[in-house]
Chemist: 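Before we start, here is the structure in question, set down as structure tokens.
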There are 4 protein chains.
Amino acid sequence: MLHAADDLLAEHGFAALTIEAIAREAGVAKQTIYRWWPSKVEILLDTLIDDSSKCLAVPQSPTAAGIRGYLRAFARFLAENPAGKVFLALLAQAQHDAATAASFQERYLGPRRAAERELLALAAEAGEIAPRLGVDAVLDALLGPIVYGALTGAAVSGEGVDALVEELLRP
Amino acid sequence: MLHAADDLLAEHGFAALTIEAIAREAGVAKQTIYRWWPSKVEILLDTLIDDSSKCLAVPQSPTAAGIRGYLRAFARFLAENPAGKVFLALLAQAQHDAATAASFQERYLGPRRAAERELLALAAEAGEIAPRLGVDAVLDALLGPIVYGALTGAAVSGEGVDALVEELLRP
Amino acid sequence: MLHAADDLLAEHGFAALTIEAIAREAGVAKQTIYRWWPSKVEILLDTLIDDSSKCLAVPQSPTAAGIRGYLRAFARFLAENPAGKVFLALLAQAQHDAATAASFQERYLGPRRAAERELLALAAEAGEIAPRLGVDAVLDALLGPIVYGALTGAAVSGEGVDALVEELLRP
Amino acid sequence: MLHAADDLLAEHGFAALTIEAIAREAGVAKQTIYRWWPSKVEILLDTLIDDSSKCLAVPQSPTAAGIRGYLRAFARFLAENPAGKVFLALLAQAQHDAATAASFQERYLGPRRAAERELLALAAEAGEIAPRLGVDAVLDALLGPIVYGALTGAAVSGEGVDALVEELLRP
DNA sequence: TAATAATCGAGACGGTACGTCATGTCTTAAG
DNA sequence: CTTAAGACATGACGTACCGTCTCGATTATTA
């Protein structure tokens with residue numbers, strides 16, 4: 001069912017991602033979907049969490065290179081990976097629907113942000129980086145442009161990410 | 001009709017913003033709306049362009065203070081102004097629908113970006129600022145965090161904006 | 001305008017005969033039609049009266065042959081003449097709408113029936129025919145099968161008409 | 001649903017018989033109607049077939065009296081029974097729409113005509129009647145005046161029916 | 001091994017909104 | 001003063017999904 005949802009989103013966009021279409025695609029009764037997920041947003045959230053844990057883990061090594069690599073992976077994830085489209089679709093849907101916003105925040109953005117905060121703190125402590133803004137501010141300053149670029153169709157390149165890191169974290 | 005659409009979005013969210021609801025609210029026939037707008041997205045775009053021209057004009061004076069003021073106004077616009085919700089709703093809808101993406105880019109983001117580019121170029125020429133990234137990259141680096149903050153419900157404060165400007169544009 | 005209405009009925013059927021279509025076909029504004037006719041039924045009635053006076057006049061000569069010829073002409077009119085379709089359409093519409101029924105009765109069926117009554121009376125007086133039913137009954141008995149045949153798509157042939165006349169009017 | 005359709009036709013006429021009105025009257029969703037009937041014509045056809053089988057069966061006994069009774073019942077059915085209005089409405093609609101014509105012919109007129117043909121054949125064989133016209137011609141000659149009378153608002157009386165039978169079938 | 005329960009597919013149901021079409025009324029500008 | 005052009009409020013069209021709801025049929029477990 002997660003695959004069916006994923007495929008539909010990738011192939012036909014969020015508008016075509018209806019519960020009925022997922023059921024059709026997965027060869028499953030509608031009620032079976034409703035038994036396990038309260039909404040299509042939660043289905044997408046499950047696929048996103050799955051895929052993120054596979055190819056977008058927050059690195060353990062608190063080095064400047066690790067941070068750079070993570071941000072470059074994030075930019076590529078949004079630009080190229082089908083799961084990146086899921087991220088964008090959920091971020092979008094959160095603007096239309098408060099329940100989505102809460103779920104997305106709690107199950108995805110929050111945990112990820114916690115890990116990112118820790119990464120930054122350790123790296124700063126180790127002298128690898130020297131952020132001049134607060135932790136959350138610097139994370140928004142790093143992730144914001146990447147996400148905003150993806151949202152507006154102007155993907156940020158690897159060099160762009162590096163320049164951003166240099167600008168904001170250079171010791 | 002624009003007011004009706006605006007009000008409905010502000011009061012009940014994007015999900016409740018149906019063509020039929022707008023018609024009901026405005027005391028107007030559905031067909032009358034279809035006569036003038038091909039979709040509710042274009043209605044929102046019109047209200048956004050209207051409202052933006054009133055309270056979010058790109059400043060003429062190419063000074064550091066002008067740029068700071070503009071970005072602070074943008075952050076406040078997204079956080080507090082009902083029209084800011086329209087911006088976020090359109091950016092969100094653009095992720096679900098390619099036609100929205102094209103329209104939003106062409107009628108709103110594009111022209112605004114052109115004005116912003118000119119502003120930055122003049123200010124750099126005047127020595128008011130010294131961006132180390134390319135024009136578009138620096139604009140994304142400035143606007144991205146503000147938008148991302150608004151999308152995730154973490155509004156960027158005036159001081160946050162100032163710090164960002166200091167970091168990225170300080171001569 | 002009458003031609004436009006006629007043409008549309010003949011080509012695309014009664015369902016496609018809308019006031020807007022007539023206006024379009026005639027190259028005329030809708031309001032111009034409403035100025036002169038209260039409804040499309042009256043337009044059709046006008047065309048039917050026109051066409052009937054041309055090729056379906058009740059004969060003056062009160063002879064058996066005259067009556068036979070009139071009924072054969074009526075059968076052919078319904079089966080082949082485009083104006084015959086107008087007659088059937090109006091008779092049909094009269095079942096759906098009381099105003100049509102009244103108009104059709106008063107402006108078309110009534111006058112025609114009066115002439116037919118007179119024709120039969122004169123012919124009977126002259127000994128050309130010997131109807132055993134009342135005047136209206138015999139007229140219904142003659143016209144009814146022809147109309148019913150046309151309504152059900154089973155046109156009555158010339159010989160069929162003759163046989164009917166022989167059966168009902170034979171002296 | 002059939003009752004709702006019937007009631008609406010009887011009370012407000014064919015023009016008010018919209019799918020939405022039937023759904024409203026029956027307390028049912030529009031889609032539920034579309035699930036079972038392709039058009040309102042088929043709904044009416046179903047009610048007509050139901051009602052006809054109850055109170056307008058073609059008699060089994062091939063006697064002159066049986067035929068007379070059947071025709072009188074038909075005349076009364078058209079004049080007084082609400083289901084008679086359904087018959088007239090369908091016959092009318094068949095003039096406006098070829099699909100209705102085909103359906104009405106195949107599901108109602110055709111089967112009924114077959115039974116009537118058999119009735120007449122048996123009665124003729126038994127010497128009860130002596131039709132001088134062909135089977136279909138005589139049926140049209142008998143039914144046509146009754147239907148035409150109903151269509152033009154001039155109901156045929158019981159005596160009128162008897163006279164017609166006497167005239168056309170007398171041995 | 002048979003009864004019992006959980007899960008499934010299928011799909012009907014009352015709703016709501018879609019975008020289109022024609023209605024009959026109206027206003028405007030040109031002749 | 002009539003016309004064409006066409007905007008307007010109204011309301012039905014037939015379609016797509018929504019989320020809820022019964023149905024058997026098919027597994028799994030428990031007695």
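What you see below is based on every heavy atom in this structure, not just the backbone, and it leaves out hydrogens, waters and symmetry mates. Here is the naming used below: chain letters follow the sequence lines, and residue numbers restart at 1 for every chain.
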Chemist: Starting at CD1 of Ile33(A) and ending at C1' of dC8(E), how long is that distance when rounded to a whole Å?
Modeler: 13 Å
Chemist: Give me the bend of the helix from dT1(E)-dA31(F) to dG31(E)-dC1(F), using the axes of the five pairs at each end, rounded to 10°.
Modeler: 10°
Chemist: Got a sec? Which of residues 8-29 of chain D come in under 4.0 Å of DNA chain E, heavy atoms?
Modeler: Gly27(D), Val28(D), Ala29(D)
Chemist: Identify which nucleotide among dC8(E), dG11(E), dC8(F) has an atom closest to any side-chain atom of Gln31(A), counting heavy atoms from C-beta outward.
Modeler: dG11(E)
Chemist: Look at the side chain of Arg35(B) and decide which nucleotide, out of dC13(F), dC8(F), dC13(E), has an atom nearest to it.
Modeler: dC8(F)
Chemist: Ala29(A) and Ala23(A): which non-hydrogen atoms are nearest, and at how many Å?
Modeler: C-CB, 4.3 Å
Chemist: Choose from dA9(F), dC8(E), dT3(F) the nucleotide whose nearest atom is closest to any side-chain atom of Trp36(A).
Modeler: dC8(E)
Chemist: When you measure from the side chain of Gln95(C) to the backbone N and O of Leu151(D), does any donor-acceptor pair fall under 3.5 Å?
Modeler: yes
Chemist: Would you kindly give the OH-to-P distance between Tyr34(C) and dT25(E), to the nearest whole Å?
Modeler: 7 Å
Chemist: His96(B) vs His96(A) aromatic rings, parallel, tilted or perpendicular, using cut-offs 30° and 60°?
Modeler: perpendicular
Chemist: Over 60° means perpendicular and under 30° means parallel, so tell me whether Phe87(B) and Phe104(B) are parallel, tilted or perpendicular.
Modeler: perpendicular
Chemist: Scan side-chain atoms only and decide if Glu42(C) and Ser103(C) contain a donor-acceptor pair under the 3.5 Å cut-off.
Modeler: yes
Chemist: Is it the case that the side chain of Lys40(D) and the backbone of Thr18(D) share a donor-acceptor pair, with hydrogens and angles ignored and the cut-off at 3.5 Å?
Modeler: no
Chemist: Which heavy-atom pair separates Leu78(A) from Lys85(A) by the least distance, and what is that distance?
Modeler: O-NZ, 3.6 Å
Chemist: Are any of Thr32(B)'s side-chain N or O atoms less than 4.0 Å away from OP1 or OP2 of dA7(F)?
Modeler: no
Chemist: If you take all heavy atoms of Leu48(D) and Ala83(D), which pair is closest and at what distance?
Modeler: CD1-O, 3.7 Å
Chemist: Got a donor-acceptor pair under 3.5 Å from the side chain of Lys30(B) to the base of dG11(F)?
Modeler: no
